[in-house]
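Notes follow once the structure below has been shown.
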Amino acid sequence: NIAVPITLTNCVAARISGNKFTGDSAKVTTTGTRHIIKINSTGLNKINNTKIIGNDIVGSATTDYAIHVSASGVEFGSRGLTIADNSIDYCICSMKIDDWQGDLNISNNTISNSHAASSGEVTVEHASAISIGDMSSADNEGTVRLVGNFFIGKTTSGGGEVYSGRAIYIRSDAGAATKNCHIQLIDNTIDGMGQSTSFVHGSVGDTAVVYIEGTASNARIATLHASGNVYDFTNSQSYAYGMYADDTIKELCTFDSVMEFGAGPEQSAHRNTMAIHRATEAAGAGGVLRFPAGTYNLSDNGTALSHATAAGGSANHYSCKINNSRQVWEGEGTLHDSLADVGGASNNDIIQIDDDVDDVVIRGLSFTCVTDDSNTGTAITTGDGTGLKVEGCTLTDFKSAIDCGGEDALISACNIVGAVENGIAILIQAGASNGIITKNHITIGAGSTLRSIDCSGNGTQIINNEITSSSTEDISLHGSNMKI
């Protein structure tokens with residue numbers, strides 16, 4: 001019941017371990033910011049190699065920070081901080097790290113973020129379980145590792161109120177010279193964060209429970225890698241979702257699969273839509289999105305964005321958009337247009353590829369949708385970008401399975417089943433020249449307006465396909481110099 005039990009200033013190689021701290025807000029009357037452990041630096045490298053290990057911390061309704069490490073300014077950054085094996089409960093912000101450079105290791109901590117935070121405290125950082133900010137030192141070449149931490153949002157023991165905010169918030173600084181910081185998120189479990197009734201768009205700018213912010217004009221985060229992280233949103237607000245990672249990461253963003261962003265077969269349609277949207281943005285040009293086995297329900301992209309962020313508005317009738325060239329989407333997963341936010345039969349495109357986006361590869365995925373005779377949805381539709389490859393995919397019951405508008409496309413070894421009235425299994429637009437459609441299996445039913453392949457692209461090769469159809473017209477050609 002002491003306002004700030006431990007304060008250290010300019011202590012190199014300090015170790016704080018094995019302590020137990022308990023707070024009672026009724027007995028702590030000190031005004032101002034309250035910390036359990038406070039580490040300060042007033043000069044460069046004066047708190048290097050600090051270790052905070054194995055402590056048991058229970059805060060109170062007035063505990064701002066369980067652990068606060070501050071270098072007090074850009075020029076005072078320090079190195080080699082380890083925070084590990086601690087148990088922290090009932091604090092507004094469990095850990096806050098400011099003005100850090102060099103390596104930072106936060107591992108195997110258990111954090112129960114249940115503080116009665118007001119709407120103002122659930123803004124960008126204050127009610128984050130871990131907040132790391134101002135990674136801005138001129139020598140910042142280190143690695144920030146968050147490994148094996150367990151975050152749990154829960155109700156307070158009093159009236160059952162639900163208050164948890166973000167799990168992780170990381171911010172680089174816009175003001176200092178550009179250097180390289182590498183972030184690793186590995187084997188963390190995030191359970192029930194984003195429970196606060198204020199953790200909704202309007203009170204927060206973005207409802208991601210992990211928020212990594214770069215700086216567009218002066219990017220500081222060089223690389224981001226995420227692996228083995230698990231999300232459970234059972235008790236979270238309905239539009240809370242997994243991870244936002246700023247697209248200003250300078251060099252490389254890698255991750256095991258879209259599940260690192262909070263997508264998954266067990267997640268809701270809007271969470272999957274937001275997670276995949278954030279994954280494709282973060283991956284950038286040449287990035288890889290992997291979809292493990294299972295069905296990923298999807299909703300409308302614009303509607304999901306409008307509920308989770310300040311962007312978006314009305315429905316835009318697609319679930320995912322690829323804006324970066326050379327991306328690879330692959331795996332054993334099924335992308336399903338569930339229309340949770342649009343209603344009616346399928347009128348969403350699952351994947352739209354933007355104009356001038358080249359050399360996208362979509363491999364091994366399955367695509368399904370809600371269907372009836374009013375279905376107008378497409379599994380994959382492209383702009384004028386060149387070099388699309390769709391390989392080994394299964395596409396079922398779309399108005400058009402693949403609608404291609406760019407040159408030099410390859411559509412091969414796909415299994416396309418069913419089409420609704422007026423449907424076309426593969427549509428090659430005028431201007432989409434020199435494509436190859438080969439080794440596909442196309443099965444459609446009867447209908448005077450059904451076609452397996454409708455091609456207006458000059459120089460297209462349609463070879464070695466197997467078509468099973470009761471339609472009156474299987475292949476319709478409108479271009480020149482084609483090979484069948």
Side-chain angles (χ1 to χ4, degrees), residues 2-17 19 21 23 28 30-53 55 57 59 62-84 86 88 91-107 109 111 113 115 121 123-146 149 165-166 168-177 179 181 183 211-213 215 220-221:
I2 299 171
V4 186
I6 294 179
T7 299
L8 301 179
T9 300
N10 298 338
C11 294
V12 174
R15 180 183 178 97
I16 302 172
S17 63
N19 302 286
F21 304 89
V28 179
T30 301
T31 59
T33 304
R34 297 173 177 86
H35 315 78
I36 302 295
I37 299 173
K38 180 71 168 76
I39 310 293
N40 294 305
S41 171
T42 61
L44 184 64
N45 297 325
K46 289 193 174 182
I47 53 174
N48 286 2
N49 302 318
T50 296
K51 293 179 171 59
I52 304 172
I53 299 174
N55 299 284
I57 300 173
T62 57
T63 304
D64 293 278
Y65 306 109
I67 298 170
H68 187 189
V69 180
S70 176
S72 303
V74 172
E75 70 274 24
F76 297 147
S78 295
R79 305 172 181 273
L81 173 64
T82 297
I83 304 175
N86 300 285
I88 303 174
C91 299
I92 296 175
C93 180
S94 297
M95 299 181 197
K96 182 172 174 61
I97 317 299
D98 290 325
D99 299 315
W100 199 258
Q101 64 174 284
D103 293 336
L104 170 59
N105 177 42
I106 300 175
S107 62
N109 299 284
I111 298 172
N113 206 34
H115 194 282
E121 292 169 334
T123 53
V124 174
E125 62 172 298
H126 195 52
S128 300
I130 295 177
S131 174
I132 303 170
D134 296 334
M135 297 180 296
S136 54
S137 169
D139 293 323
N140 189 358
E141 299 285 348
T143 298
V144 175
R145 301 181 75 246
L146 289 95
N149 300 288
R166 299 191 199 281
I168 299 168
Y169 172 71
I170 300 176
R171 178 174 61 87
S172 65
D173 179 59
K179 291 292 181 180
C181 175
I183 297 175
Y211 193 92
I212 300 173
E213 180 183 13
T215 304
R220 177 150 327 286
I221 300 171

Do the side chains of Leu8 and Ile47 get nearer than 4.5 Å, heavy atoms only?
no
Can you list the steps and then say if Thr7 with His35 is a side-chain contact (heavy atoms from CB on, under 4.5 Å)?
CA-CA 9 Å; Thr7 299; His35 315 78; over 6 Å; no
Could you tell me the separation between the CZ atom of Arg15 and the OG1 atom of Thr82, rounded to the nearest 0.5 Å?
9.5 Å
Check Asn10 against Ser41 and note the closest heavy-atom contact, atom names and distance.
OD1-CA, 3.3 Å
Before you tell me yes or no, could you show the steps for Ile37 and Phe21 under side-chain contact (heavy atoms from CB on, under 4.5 Å), namely the whole-Å CA-CA distance, both residues' side-chain angles and the distance that decides it to 0.1 Å?
CA-CA 10 Å; Ile37 299 173; Phe21 304 89; 4.1 Å; yes
Audit row: Leu146, Val144, side-chain contact (heavy atoms from CB on, under 4.5 Å) steps and yes/no
CA-CA 7 Å; Leu146 289 95; Val144 175; 3.7 Å; yes
Rounded distance (nearest 0.5 Å) linking atom CD1 of Ile212 with atom CD1 of Ile168:
7.0 Å
Of the non-hydrogen atoms in Cys93 and Met95, which two are nearest, and what is the gap between them?
SG-O, 3.3 Å
Would you say Asn48's side chain and Val12's backbone share a donor-acceptor pair under 3.5 angstrom?
no
Testing the basics here: between Ile111 and Ser94, what is the closest heavy-atom pair and its distance to 0.1 Å?
CG2-OG, 3.1 Å
Gap between atom CD1 of Ile97 and atom CD1 of Ile132 - 0.5 Å precision
6.5 Å
Under 3.5 Å donor-acceptor, Asp98 side chain and Val69 backbone:
no
Please report the interatomic distance CG(Asn40) to NZ(Lys46), rounded to the nearest 0.5 Å.
12.5 Å
Distance (rounded to the nearest 0.5 Å) between Ser17 OG and Lys51 NZ:
11.0 Å
Would you say the side-chain atoms of Asn55 pair up with the backbone N or O of Ile16, donor to acceptor, closer than 3.5 Å?
yes
Measuring from atom CD1 of Ile130 to atom CD1 of Ile170, what distance do you get when rounded to the nearest 0.5 angstrom?
8.5 Å
Does any part of the side chain of Tyr169, heavy atoms only, come nearer than 4.5 Å to the side chain of Glu213, both counted from C-beta?
yes
Provide the closest heavy-atom pair for Ile106 versus Asn149 in the form atom of the first, atom of the second, distance.
O-ND2, 3.0 Å
For the side chain of Ser131 and the backbone of Ser128, is there at least one donor-acceptor N/O pair under 3.5 Å apart?
no
Does the side chain of Asn86 come within less than 4.5 Å of Ile57's, by heavy atoms?
no
Measure the shortest side-chain to side-chain distance between Lys38 and Ser70 over non-hydrogen atoms and say whether it is less than 4.5 angstrom.
yes
Contact summary for Ile36 and Ala66, nearest pair of heavy atoms:
CB-O, 3.1 Å
Asn109 side chain near Ile88 side chain, heavy-atom distance below 4.5 Å
no
